[in-house]
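Here it is, the structure, as structure tokens.
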There are 2 protein chains.
Amino acid sequence: MKKTILVFGLLILALLLLFQFGKYTIISGDINIEIVISVIAVVFFFVGIYINKKSLNTQTSAAVDIDHNKIKDLEITSREYEVLKYISEGLSNKEIGERLFLSESTIKTHVSNLLLKLNAKRRTQAIQIAKNLNII
Amino acid sequence: MKKTILVFGLLILALLLLFQFGKYTIISGDINIEIVISVIAVVFFFVGIYINKKSLNTQTSAAVDIDHNKIKDLEITSREYEVLKYISEGLSNKEIGERLFLSESTIKTHVSNLLLKLNAKRRTQAIQIAKNLNII
DNA sequence: AAGGCTATGGTACTTTAGTATGACCCTCAA
DNA sequence: TTGAGGGTCATACTAAAGTACCATAGCCTT
């Protein structure tokens with residue numbers, strides 16, 4: 001945010017300088033008008049590119065955000081969702097249990113429920129389905 | 001491609017018109033120089049945004065393209081790669097075998113080799129690693 | 001307070017996945 | 001032609017994954 005304000009401040013400054021420079025050179029007749037206009041055009045062309053790139057970057061980085069409504073629709077509980085995340089990271093049931101301080105049995109129960117809710121036969125298929133639904 | 005040429009043609013035309021317009025108005029003294037410069041600045045600002053958006057769009061749509069060099073580096077063969085794709089779609093070894101008209105044993109061999117080459121312990125982990133490497 | 005839901009786990013079982021090893025065939029380059 | 005690499009397949013095994021069923025406990029809600 002602070003950066004944006006700084007950039008805009010500098011921009012306005014540059015614009016004012018250009019005005020003054022434009023007036024001066026034209027009145028004194030040192031440089032012809034085409035060059036001044038060209039410089040301004042090029043500068044603002046790149047300013048446009050820069051501004052646009054910044055706004056698009058922040059947009060694309062958070063582009064595929066999670067569809068929380070879909071998670072609720074599927075009646076996936078928070079515990080199950082945690083397990084789903086770990087599955088998509090390639091962990092085994094035992095490893096997930098260790099990370100959540102739960103027994104492997106409990107993870108198996110959660111996984112079984114997840115597969116039912118996601119209508120998947122295997123955990124690999126669950127990953128694929130979950131990604132298509134934008135819930136992971 | 002044709003569109004790009006058209007756009008650039010129109011741009012050059014617009015630029016020339018601006019030059020003429022700029023010279024005329026300044027000589028005749030109808031409009032002051034600030035307004036001319038402002039118009040040019042604004043126009044090229046938006047031209048910059050437009051051009052940038054176009055180039056970024058074509059880039060982001062094909063953004064995550066497959067890193068074929070990485071596949072070669074890892075010495076993943078074409079058959080193994082086919083299997084990898086099916087794994088990421090959530091198929092079982094038996095199902096992959098059916099799709100490729102191979103026995104389950106062969107798929108198991110390919111999967112084992114894949115896990116070694118991708119340095120994964122499980123097929124789910126292989127999916128995760130492969131996605132991070134941009135090879136699927 | 002009773003019933004429903006979630007979370008937790010255990011046992012017992014079946015099914016997949018994965019490893020190890022060996023074998024055969026084919027192709028292509030040295 | 002010989003050897004390396006890729007592809008195919010089998011057997012035998014261990015390890016995960018997944019299913020089914022049951023049980024307990026802690027919640028909210030009615």
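Nothing here was measured: the structure is a model prediction, and the numbers come from that model. Proteins get letters first, then strands, A, B, ... in listed order; numbering begins at 1 in each.
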- Task: To the nearest 0.5 angstrom, please state how far the CD1 atom of A:I96 sits from the NZ atom of A:K94.
- Result: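 Reported to 0.5 Å precision, the distance equals 13.0 Å.
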- Please assess A:T106 against A:S103 for the test side-chain hydrogen bond (donor to acceptor under 3.5 Å, both in side chains), listing each intermediate value before the final yes or no. CA-CA 5 Å; A:T106 309; A:S103 82; 3.2 Å; yes
What N/O pairs connect the protein and nucleotides 3-6 of chain C at under 3.5 Å? Give each pair on its own line.
none

- Distance, rounded to the nearest Å, where A:I107 contributes CD1 and D:dA17 contributes C1':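 So the CD1-C1' distance, A:I107 to D:dA17, works out to 13 Å.
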- Message: Tell me whether the side-chain N/O atoms of B:S103 come closer than 4.0 Å to OP1 or OP2 in D:dA10.
- Response: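 The answer is yes; a side-chain N or O of B:S103 sits under 4.0 Å from OP1 or OP2.
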- Less than 4.5 Å apart, any side-chain heavy atom of A:K131 and any of B:K131?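 Sidechains of B:K131 and A:K131: in contact.
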- Can you check each nucleotide of nucleotides 14-21 of chain C against protein heavy atoms at under 4.0 Å and return B for base, S for sugar-phosphate only, - for none, in 5' to 3' order? ---BBB--
- Examine distances only and state if a side-chain atom of B:K117 and a backbone atom of B:E75 form a donor-acceptor pair shorter than 3.5 Å.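 Yes, the answer is positive, given that a donor and an acceptor are paired below the 3.5 Å cut-off.
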- Would you please test B:Y81 and B:L114 for side chain to side chain contact (heavy atoms under 4.5 Å, CB included) and show each step? CA-CA 8 Å; B:Y81 186 68; B:L114 263 173; over 6 Å; no
- Item | Heavy-atom neighbours of A:N132 CG exceed 12 at 6.0 Å |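 Yes, CG of A:N132 has more than 12 neighbouring heavy atoms, counting only those of other groups under 6.0 Å.
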- Message: So, OP1 or OP2 of C:dG9: does either fall under 4.0 Å of a side-chain N or O from A:T106?
- Response: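 Yes, such a contact exists.
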- Message: From CD1 of B:I76 over to C1' of D:dG7, roughly how many Å is that when rounded to an integer?
- Response: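 Rounded to whole Å, this separation is 16 Å.
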- Nearest-Å distance, NE2 (B:H110) to P (D:dA10)?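 In whole Å, D:dA10 P and B:H110 NE2 are 13 Å from each other.
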- Interatomic distance where CD belongs to A:E80 and P belongs to C:dT8 [whole Å]: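 So the two atoms are 10 Å apart, to the nearest Å.
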- Query: Any donor and acceptor pair, going by atom type alone, linking the side chain of A:S88 with main-chain N or O of A:K85 inside 3.5 Å?
  - Reply: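 Yes.
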- Excluding sequence neighbours, so at least two apart, what forms salt bridge (Lys or Arg N to Asp or Glu O under 4.0 Å) with B:K108?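 With sequence neighbours excluded, B:K108 shows a salt bridge (Lys or Arg N to Asp or Glu O under 4.0 Å) to no residue whatsoever.
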- Atom OG1 in B:T124, atom CZ in A:R122: separation rounded to 0.5 Å?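 It comes to 13.0 Å.
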- About how many Å separate CD of B:E95 and CD of B:E98, when rounded to the nearest 0.5 Å?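 B:E98 atom CD to B:E95 atom CD measures 7.0 Å (nearest 0.5 Å).
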- Can you tell which of B:I87, B:L84, B:L118 makes a side-chain contact (heavy atoms from CB on, under 4.5 Å) with B:I127?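 Result for side-chain contact (heavy atoms from CB on, under 4.5 Å) with B:I127: B:I87.
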Between the protein and nucleotides 27-29 of chain D, which nitrogen or oxygen pairs come in under 3.5 angstrom?
none

- Those residues that, when tested against B:E104, pass salt bridge (Lys or Arg N to Asp or Glu O under 4.0 Å) (two or more places apart):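 For B:E104 there are no salt bridge (Lys or Arg N to Asp or Glu O under 4.0 Å) partners, ignoring immediate neighbours.
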- Message: When the axes are fitted on five pairs at both termini, how much does the helix from C:dA1-D:dT30 to C:dA30-D:dT1 curve, in 10° steps?
- Response: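 What I find for the helix from C:dA1-D:dT30 to C:dA30-D:dT1 is an axis angle of 40°.
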- Task: Taking the side chain as every heavy atom from C-beta outward, state whether A:Y86 and A:I107 have any atom pair closer than 4.5 Å.
- Result: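 No, their side chains stay 4.5 Å or more apart.
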- Item | Whole-Å distance separating the CZ atom of A:F101 from the P atom of C:dG9 |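 Rounded to whole Å, this separation is 12 Å.
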